[in-house]
Amino acid sequence: MEMDVQSCMELNDSSQMLPPPPGTFVDREELIQHVGEFAVSQGYVVTIKQSKRDRVVVLGCDRGGVYRNRRKAFDESSAEQTRKRKIGSRLTNCPFEAVGKKDDGLWVLTIKNGTHNHEPLNDISEHPSARRFTEREVLLIKEMTEAGLRPRQILKRLRQSNPDLLSTPKHVYNVKAKLRQGNITGRACLNFIFI
């Protein structure tokens with residue numbers, strides 16, 4: 001019995017995701033990149049939760065938070081019966097949180113809460129961020145859209161330069177929609193793609 005408990009504890013320790021080591025960084029981008037790369041090596045992905053450009057950035061696990069149903073509530077007094085939509089969420093209210101603060105010209109990383117309440121990803125390609133386009137690819141999508149190419153044709157050309165691209169035509173449609181709406185410009189383009 002004691003041996004079973006020991007092997008179970010070893011299993012839990014091996015699946016534990018470690019927080020990035022605290023440290024100091026030259027700029028905000030270097031800090032974010034450090035945390036992001038370390039997180040991926042541990043099987044989780046981080047996002048920016050809060051940011052004050054020149055003072056502080058709060059990073060959290062992308063599974064932090066809880067699902068909020070933004071659809072209108074079902075009116076039971078209505079004679080019409082509407083289909084209930086099946087919903088799913090990756091959110092688990094994960095408590096992981098890292099804070100970067102600017103102090104005397106350097107960015108200092110501290111870990112506010114280094115724990116997670118979910119299992120690590122076995123393969124990072126399973127994560128939605130693996131299907132995102134780079135800044136260069138978004139610019140190419142814009143150019144090819146203006147040239148009249150369809151999403152499948154655009155994706156085929158993108159895969160010629162990046163055979164490991166996991167995106168689908170639906171992802172190209174989504175980028176095209178954001179471009180049309182003007183939601184991808186300058187700095188916003190980087191946030192849409194990388195974080």
Side-chain angles (χ1 to χ4, degrees), residues 15-66 90-145 158 161-167 171-172 174-195:
S15 67
Q16 182 182 9
M17 295 174 281
L18 300 173
T24 55
F25 301 89
V26 176
D27 58 23
R28 178 181 181 270
E29 285 70 29
E30 184 184 17
L31 181 141
I32 292 169
Q33 183 178 357
H34 165 75
V35 174
E37 289 174 356
F38 188 87
V40 167
S41 76
Q42 294 293 307
Y44 61 97
V45 175
V46 294
T47 59
I48 296 174
K49 290 173 64 172
Q50 286 182 330
S51 177
K52 291 184 182 168
R53 195 105 189 95
D54 297 325
R55 292 185 282 165
V56 67
V57 61
V58 179
L59 303 169
C61 180
D62 77 321
R63 299 194 58 188
V66 293
R90 299 181 68 256
L91 299 179
T92 64
N93 206 15
C94 181
F96 174 84
E97 192 170 87
V99 179
K101 287 186 181 177
K102 192 171 185 179
D103 187 25
D104 291 333
L106 292 175
W107 283 81
V108 179
L109 173 67
T110 55
I111 306 303
K112 192 170 178 183
N113 188 335
T115 61
H116 295 268
N117 63 1
H118 55 88
E119 292 297 314
L121 290 168
N122 295 328
D123 182 7
I124 200 69
S125 68
E126 297 171 0
H127 193 272
S129 67
R131 294 184 291 274
R132 290 189 181 155
F133 298 105
T134 64
E135 182 177 11
R136 182 179 172 278
E137 288 169 337
V138 170
L139 294 174
L140 288 171
I141 290 170
K142 183 178 181 184
E143 289 173 12
M144 288 187 268
T145 298
L158 291 175
S161 59
N162 181 4
D164 298 329
L165 188 65
L166 297 172
S167 297
H171 299 111
V172 176
N174 291 344
V175 170
K176 286 176 64 170
K178 289 198 180 287
L179 287 166
R180 262 194 319 277
Q181 296 165 359
N183 291 346
I184 304 179
T185 55
R187 196 80 195 150
C189 181
L190 290 174
N191 289 338
F192 169 73
I193 298 161
F194 300 114
I195 300 296

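What's counted below: heavy atoms across the whole structure, side chains too, no hydrogens, waters or symmetry copies. Given the structure is predicted, the values throughout are model-derived calculations rather than measurements.
Summarising the geometry, atom NE2 belonging to His34 is positioned 14.5 Å from atom CH2 belonging to Trp107; distances are rounded to the nearest 0.5 Å. Going from atom CG of Asn93 over to atom CZ of Arg63 covers 11.5 Å, rounded to the nearest 0.5 Å. To the nearest 0.5 angstrom, Asp27 atom CG is 9.5 Å from Gln33 atom CD. In this structure, CG on Leu158 lies 8.5 Å from CZ on Arg136, to the nearest 0.5 angstrom. Taken from OG1 in Thr134 to CG in Leu165, the straight-line distance is 8.5 Å, to the nearest 0.5 Å. With rounding to the nearest 0.5 Å, the separation of CG in Leu59 from CD in Gln50 is 11.0 Å.
In this structure, Val46 and Ala39 approach most closely via the heavy-atom pair CG1-CB, 3.9 Å. The shortest non-hydrogen separation linking Pro22 to Ile111 is CG-CG1, 4.4 Å. Nearest heavy-atom pair, Ala98 versus Leu109, reported as atom, atom and distance to 0.1 Å: CB-CD1, 3.9 Å. Of all heavy-atom pairs spanning Pro20 and Tyr44, the tightest one is CD-OH, 3.5 Å. The nearest pair of heavy atoms linking Lys102 to Asp54 is CD-O, 3.3 Å. Taking every heavy atom of both residues into account, Cys94 and Thr115 meet most closely at SG-O, 4.1 Å.
A 6.0 Å sphere centred on NZ of Lys176 holds more than 12 heavy atoms belonging to other residues, nucleotides or ligands.
Judged purely by atom type and a 3.5 angstrom limit, Gln42 has no side-chain atom pairing as donor or acceptor with the backbone of Met17.
Looking only at side-chain heavy atoms (C-beta outward), Ser167 and Glu137 stay at 4.5 Å or farther from each other. You'll find the side chain of Phe25 stays beyond 4.5 Å of the side chain of Ile32, heavy atoms only.
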